[in-house]
Amino acid sequence: MRKALRWLLALAVLIGTVSTAGAATAAQPEAISGTKSSTSGTSTASSDIKDQLLAIPGMSLIQEKPYTGYRYFVLNYTQPIDHRRPSKGTFQQRITVLHKDVSRPTVFFTSGYFVNTNPSRSEPTRIVDGNQVSLEYRFFTPSRPDPADWSKLDIWQAASDQHRVFSALKKIYTKKWLSTGGSKGGMTATYYERFYPRDMDGVVAYVAPNDVVNKEDSAYDRFFAKVGTKECRDRLNAVQREALVRRKPLEKKYAEVAAAEGFTFDTIGSLDRAYEAVVLDYVWGFWQYSLLADCESIPADAKNATDDDIWTSIDTISGFSFYTDQGLEPYTPYYYQAGTQLGAPTIKFPHIEKKYVRYGYQPPRNFVPRDISMKFQPRAMRDVDNWVQHRAQHMLFVYGQNDPWGAERFRLGKGAKDSYVFTAPGLNHGANVAGLVPEQKTLATARILEWAGVASTAVQSNPSVAKPLATYDARLDKRNLEREPTLRP
């Protein structure tokens, strides 16, 4: 169980706002009064990259970590709590900079959650052999205002955070910029492009869900009816059903584990609610994080499996720590956004009799403390979807064939230009450009190089020869698909 909770607290390093832009213009980096650069007397004329970074008003150093071929900095940047009213207070937002050379393009990476403070490189960064700036999403600790005004956690405010960081760093990194991210990070990159379309030269969004109409989720039901093979679906469905049939003895075990680990259930309401939430996430969680070949690890005869076999399979894939107070608390900002703007999926369970399902997929409201008020804004995702369909330029969306989150995805309309939606066969929530079929892989790589301004003459005339410019680095490029709450992108 402690391992499962550590999974929850680990950052998933994947792959690697109807307002006006004018409203954010007032919130340029120089607009925050009272902020001072932590330069210790250095000048922006300094050739040392650390001095240049710390000469930016509001930028301060947390730590520099050595890495061969790069300079790597963990920094704080002073941001307004409200970009529409920047005089109403500030907070410190963590960013990291993987610096290669100011003559190279820069990739702006967002996970949509916490920032990884160890050196890492997203796939586009390796493709263009560039610098990488990574940003922690507002309200994920420690990048949270104190006190926290949750009404200031929305996709426009977060996009404006990125805009200010870009505006400050563009003076140092003057070459082309791309934005990227996986899952909620891909959503974040897309929202940033919608509100500040002039900032980036290209967008690479991986496995980004697009829940346009929150109450219409039949696409997920159709996905689960045909994903993988019938044999695998039957195995998973049988284990999930059996866990509900055996609710009484397995909940007894859950209570014992909770007591031993100090788990509580105040936010979701009860151990019973948490138990069902974990079980109902099981099938989704398998396809989000596993491959078809992993189905061999699923009990083949659920009815005759032991209680321990059923428990272990559910715990391994869903994790019984996830819906505890301790598991939910770090992700309160996500569930708040899911219940106010992003939307959340609801699916049916035709293989389970109704008498065994007491709550069904619970809404995000159940995962956020009740003292935080929430009201859903149905226009937010419709606005973004409409913008992408009709105005997307230089945008690439990559999905995994067997990833449930891809059931509701971004699609392009006639107004989109030089933009693409590709699907990696057989892959899950970790799908990337490298996993595409050869023709799409080279085309995507060529477009990324072109958008970044580093495509060779050979690539421009023949995209099929395109390949990443940087050599693979096992430490920098390791893709960590840490298992996290499954109904969370």
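These numbers were taken from a predicted model, which means no experiment stands behind them.
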Is there any salt bridge (Lys or Arg N to Asp or Glu O under 4.0 Å) pair reaching into [range], and which pairs are they, with sequence neighbours excluded?
| range | result |
| --- | --- |
| residues 341-357 | R241-E353 |
| residues 410-430 | D418-R447 |
| residues 244-256 | E242-R246, R246-D307, R247-E251, R247-D272, R247-E276 |

**Asked** Aromatic ring centroids of F166 and F108 under 6.0 Å?
**Response** no
Is it the case that the side chains of [Y] and [X] hold a donor-acceptor pair, with the cut-off being a distance below 3.5 Å and no angle test?
| X | Y | answer |
| --- | --- | --- |
| D385 | Q389 | yes |
| S270 | Y275 | no |
| N237 | D234 | no |
| S183 | H429 | yes |
| Y70 | R121 | yes |

**Request:** Before accepting this row, confirm whether a basic side-chain N of the pair D473/K478 lies closer than 4.0 Å to the acidic partner's carboxylate O.
**Result:** no
**Request:** Keeping to residues at least two apart or across chains, list the disulfide bond (SG atoms under 2.5 Å apart) pairs with something in residues 273-322.
**Result:** C232-C295
**Prompt:** Which residue pairs pass the disulfide bond (SG atoms under 2.5 Å apart) test with at least one member in residues 411-472, sequence neighbours excluded?
**Reply:** none
**Item:** 4.5 Å side-chain heavy-atom contact, F224 and P404
**Value:** yes
With sequence neighbours left out, what residues match [X] under side-chain hydrogen bond (donor to acceptor under 3.5 Å, both in side chains)?
| X | value |
| --- | --- |
| K303 | none |
| Q377 | Q341 |
| Y361 | none |

**Asked** Taking only residues two or more places apart in sequence, or in another chain, which ones meet Y220 in a ring pair (Phe, Tyr, Trp, His ring centres under 6.0 Å)?
**Response** W284
**Asked** What residues, two or more places apart in sequence or in another chain, satisfy ring pair (Phe, Tyr, Trp, His ring centres under 6.0 Å) together with F422?
**Response** Y420
**Request:** Please confirm whether K184 makes a cation-pi placement over Y137, using NZ or CZ under 6.0 Å from the six-membered ring centre and within 45° of the ring normal.
**Result:** yes
Quiz: residues 463-472 side-chain donor-acceptor pairs under 3.5 angstrom, not counting sequence neighbours:
from : atom 1 : to   : atom 2 : distance (Å)
S464 : OG     : N462 : OD1    : 2.6
S464 : OG     : N462 : ND2    : 3.3

**Asked** N402: what forms a side-chain contact (heavy atoms from CB on, under 4.5 Å) with it, not counting sequence neighbours?
**Response** V227, W287
